[in-house]
Amino acid sequence: MGGAVGAALTATGHTVQWASEGRSAETRERAERAGLSDAGTLEALARTSEILLSVCPPQFALDTAAAVSGFSGLYVDANAVAPASAASVAELVEAAGASYVDGGIIGPPPLEPGSTRLYLSGAGAPAVAELFAGSVLDAHVIGDERTAASAIKMAYAGWTKGSAALLLAMREAAERLGVGDELEAEWRLSQPGLAERYAAAAASREEKGWRWSPEMREIAATLEAAGLPAGFHEAAA
């Protein structure tokens, strides 16, 4: 996702940097394909950038913000975290002298117009949205409230990934109870497309489950803070 977001910016003429220190050869290849310039380290990135855009697995959002302590530009946290977690990131970067913008990405890595939205909130959100004008990533400002973008991301992912977890659990239950094939046959009769959705969820679990699990916990925290039951998404994690 990070490489694709960077490519959306380089394609419209912006200079985008990344930090190669500690990253894999595969990540380097993606960065090169996206046209990103290598700043070497996060420290160098923080010194030479006007805007930092954080796109990482949710469990690393706070550590990533801490790693660029001293950055005094515009920090955009576009990670799948609860509003309370986003507020913690905001406090951290603002204490170090940066301005904070909340972000939430919905959709696949942006490769074509209309596929992916970047929701933004906070006082600096319009300036960030302007960067993506004319790009394949649709940037939407949804207000001044500092964690609104994280809130919509959590509400959306709570359904898409939460329902995928439920589907995986019920198919596993049917298999253990000896009626897996029968359940899939019934899906084909009464729930067209559900078998294919299950297959897609299973493939995504293998590829992305390691970061979906902490995302489910962020959603659970979001629900709890809103006074709603958090147990389902804790179980989904």
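These values consider heavy atoms only, across backbone and side chains, with no hydrogens, waters or symmetry-generated copies. The chain is numbered in sequence order, starting from 1. What you are looking at is a predicted structure, and each value in this text was computed from that prediction instead of being measured.
Looking at S20, its side chain never comes within 3.5 Å of a backbone N or O of D38 through a donor-acceptor pair. In this structure a side-chain-to-backbone donor-acceptor pair under 3.5 Å is present from K153 to I105. Of the possible donor and acceptor atoms, none in the side chain of S213 sits under 3.5 Å from a partner among the backbone N and O of G209. Checked by atom type and distance alone, the side chain of D102 pairs as donor or acceptor with a backbone atom of A149 at under 3.5 Å. Put simply, the side chain of S163 gets close to the backbone of T160: a donor and an acceptor are under 3.5 Å apart. One N or O on the side chain of E145 and one on the backbone of A148 form a donor-acceptor pair closer than 3.5 Å.
Minimum interatomic distance between P83 and T147 (heavy atoms only, all atoms of both residues): O-CG2, 3.4 Å. Contact detail for T10 and G35: the closest heavy-atom pair is CG2-O, 3.7 Å. Heavy atoms only, all atoms of each residue included: L131 and T12 are closest at O-OG1, 4.2 Å. Closest heavy-atom contact between S69 and A96: OG-CB, 4.1 Å. The two residues V93 and A65 have their closest heavy-atom pair at CG1-CB, 3.8 Å. Scanning both residues, T116 and P108, for their nearest heavy atoms gives OG1-O, 2.5 Å.
At least one side-chain heavy atom of L167 sits under 4.5 Å from a side-chain heavy atom of R197. No side-chain heavy atom of L118 sits under 4.5 Å from any side-chain heavy atom of H140. Counting heavy atoms from C-beta outward, S150 and Y119 have side chains that stay 4.5 Å or more apart. Between W18 and R28, some side-chain heavy-atom pair lies under the 4.5 Å cut-off. Between V68 and L45, every side-chain heavy-atom pair lies at or beyond the 4.5 Å cut-off.
Looking at S54 and N79, their side chains do bring a donor and an acceptor atom within 3.5 Å of each other.
Residues meeting the side chain to side chain contact (heavy atoms under 4.5 Å, CB included) test with R171, sequence neighbours left out: E175, D181, L183, E184, W187, Y198.
Placement of L52 and V55 in two distinct hydrophobic clusters is found when ILVMFWY residues are connected by side-chain heavy-atom separations under 4.5 Å, directly or transitively. I51 and Y75 fall into different hydrophobic clusters, where Ile, Leu, Val, Met, Phe, Trp and Tyr are joined by side-chain heavy atoms under 4.5 Å apart, directly or via other members. One hydrophobic cluster holds both L120 and F132 under the rule that ILVMFWY side chains link at heavy-atom gaps under 4.5 Å. Cluster annotation: L62 and Y100 are assigned to the same hydrophobic cluster (Ile/Leu/Val/Met/Phe/Trp/Tyr, side-chain heavy-atom contacts under 4.5 Å, transitive). Placement of V101 and V89 in two distinct hydrophobic clusters is found when ILVMFWY residues are connected by side-chain heavy-atom separations under 4.5 Å, directly or transitively.
The OG atom of S115 sits 8.0 Å away from the CG atom of L137 when rounded to the nearest 0.5 Å. Distance CD/E32 to OG/S37: 11.0 Å, rounded to 0.5 Å. One finds the CE atom of M154 at 7.5 Å from the NZ atom of K161 (value rounded to the nearest 0.5 Å). Atoms CG and CD, from L177 and E172 in turn, are 10.0 Å apart once rounded to the nearest 0.5 Å.
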| query | Going through the distances and angles, do L111 and V136 end up as a side-chain contact (heavy atoms from CB on, under 4.5 Å)? | reply | CA-CA 6 Å; L111 301 177; V136 294; over 6 Å; no
| request: Decide yes or no on side-chain contact (heavy atoms from CB on, under 4.5 Å) for W212 and S204, but give the supporting numbers first. | output: CA-CA 9 Å; W212 277 13; S204 291; 3.5 Å; yes
| task | Go through the steps to decide whether E43 and R47 satisfy the test salt bridge (charged side-chain N to carboxylate O under 4.0 Å, His left out), and finish with yes or no. | result | CA-CA 6 Å; E43 292 79 7; R47 287 196 310 271; over 6 Å; no
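The number of heavy atoms from other shown groups lying within 6.0 Å of CD (E224) does not exceed 12. For F232, the CZ atom counts as densely surrounded, since its 6.0 Å shell holds more than 12 non-hydrogen atoms of other residues, nucleotides or ligands.
Screening Q59, R217, E218 for a side-chain hydrogen bond (donor to acceptor under 3.5 Å, both in side chains) with S85, the sole residue that qualifies is E218.
Applying the salt bridge (Lys or Arg N to Asp or Glu O under 4.0 Å) rule to pairs touching residues 69-94 yields E94-R146, sequence neighbours excluded.
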